[in-house]
2 protein chains.
Amino acid sequence: MSLYLRFLEDHRRRGKETISSGDLAALGGTTSAQVRKDLSFFGSFGTRGLGYSVAALSHRIREILGLEREWRVIIIGAGKIGAALAQYRGFAERGFHVIGVYDVDRAQIGKSLNGLVIQDESAMDADIARLKPDIALIAVPAEAAQALLDRVAKAGVRGVLNFAPTPLHAPEGVKLRSVDMALELEILTYALVGSQH
Amino acid sequence: MSLYLRFLEDHRRRGKETISSGDLAALGGTTSAQVRKDLSFFGSFGTRGLGYSVAALSHRIREILGLEREWRVIIIGAGKIGAALAQYRGFAERGFHVIGVYDVDRAQIGKSLNGLVIQDESAMDADIARLKPDIALIAVPAEAAQALLDRVAKAGVRGVLNFAPTPLHAPEGVKLRSVDMALELEILTYALVGSQH
DNA sequence: TATATCTTGTGAAATCATTCACAAGCATCC
DNA sequence: GGATGCTTGTGAATGATTTCACAAGATATA
């Protein structure tokens, strides 16, 4: 779904007003029937003979994904990855607002990232209660990740995106996803050795 | 597969010598039958009544994934994300060696990252021919990503991990994976709005 | 050695996902 | 306005994946 949204944005930039399931399929490397099935799950908003209205479909997908509202995000860990995330433009462009960055390292606390001052991690729980962020990004060493996940979950955060290279167990009621860059590389190496025979 | 490897590493740290398919399933949120099917695809290395030897299975999976050798990696784009990747410890730990970092920005070129000097992008093609890196990490703005993918593919790189938030089309013979952090967040928001009803 | 207890490996069954195929709708052109 | 050309939406068929279920191997116990 998110991918379709990317294709639609691309297409809009090119000035097209409508797009067919076949075009979307070509972009996504799948079949037109697949695309139509995916979209029809949420209702039917194409017109026969013409395709889908890029604007209308974009809007509908944004609604479905919950992107029509702003999301408040905090970042835990102001190391290399945390800092990169805090300054990543793609988030703001898509409605994700970073409202806080936390770290335990006294050397980092007080520094400013993109206009945001790095806070002491001990202030985090109170901030969560007050500012009610929707999502927490965990960018800390693997050993600390599970404890922080439990902690933000307890404090009321319902969505967590983990960047630590370790599998975590999500507490009840918390949606967790992980981005593991080394794991992605491993999948690549598997594909590479597999294709050599 | 890579995930199983993570679980096994965890398990090894806890001092366990064997692990059952049921345990692996619990960690991965799947079923024991699923785990056994996955593993049996590559042969049978469990012992009945006991489970799998953590050490032997780790080793076998590392073989399958091609992690028993070193992989040479270059990073293209020395912005926030590229710099974070260049200094990421998880790579070296898993046998991925960053042998080059490239950028077009004169302000960045010459700076040192983790002992590695940022090179002018114009030197890239010659370096690829000479050093034969296995994998390229693309960490440049979305607009520049496709052109760079084509360029490294032509120069002989066979695996690419893309961090630009745009869908790319992989040239023939090139394995491509993408890490799109905004997309991950969107999947999270979908899960969050979906679970509210 | 016999018995009880685990756990694997794997056909068969059931479930899930993809692809096919086509009627029906819309736009365009003569 | 009727014929033509596209393209959607969707049942039916096909294919893939997951789960079930159980024989057979391994260990432990007595």
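As the structure is a prediction and not an experimental result, all values here were calculated from the model. Naming convention: chains lettered A, B, ... in sequence-line order (proteins, then strands); numbering from 1 in each chain.
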Sugar-phosphate only, base, or nothing, as touched by A/Phe45 at under 4.0 Å among non-hydrogen atoms: sugar-phosphate

Sugar-phosphate only, base, or nothing, as touched by A/Ser21 at under 4.0 Å among non-hydrogen atoms: sugar-phosphate

Quickly work out the [X] [atom1] to [N] [atom2] distance and round it to whole Å.
X	N	atom1	atom2	answer
B/Lys37	C/dT15	NZ	C1'	13 Å
B/Arg36	C/dG9	CZ	C1'	7 Å
A/Leu57	D/dG9	CG	P	10 Å
A/Leu39	C/dT18	CG	P	13 Å
B/Gln34	D/dA21	CD	C1'	16 Å

From CD1 (B/Ile74) to CD1 (B/Ile128), nearest 0.5 Å: 4.0 Å

Presence of donor-acceptor pair under 3.5 Å, side chain of A/Arg48 and base of D/dT8: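 It does, because a donor-acceptor pair links the side chain of A/Arg48 to the base of D/dT8 below 3.5 Å.
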
Under-4.0 Å salt bridge between A/Arg69 and A/Asp134: yes

Residues B/Glu143 and A/Arg13 bridged, charged N to O under 4.0 Å: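 No, B/Glu143 and A/Arg13 are not salt-bridged.
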
B/Tyr52 side-chain N/O to C/dG9 phosphate OP1/OP2 under 4.0 Å: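 Looking at the OP1 and OP2 atoms of C/dG9, one of them is under 4.0 Å from a side-chain N or O of B/Tyr52.
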
Derivation and outcome, side chain to side chain donor-acceptor pair (under 3.5 Å), residues A/Ser178 and A/Asp180: CA-CA 6 Å; A/Ser178 286; A/Asp180 186 330; over 6 Å; no

Selection from C/dT8, D/dC20, D/dT10 that lies nearest to any side-chain heavy atom of B/Ala33: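 Minimum distance to the B/Ala33 side chain belongs to D/dC20.
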
Residue closer to the 5' end of DNA chain D, B/Thr47 versus A/Gly43 (nearest nucleotide): A/Gly43

Pairwise 5' ranking along DNA chain C for A/Leu50 and A/Asp38, keeping only the more 5' one: A/Asp38

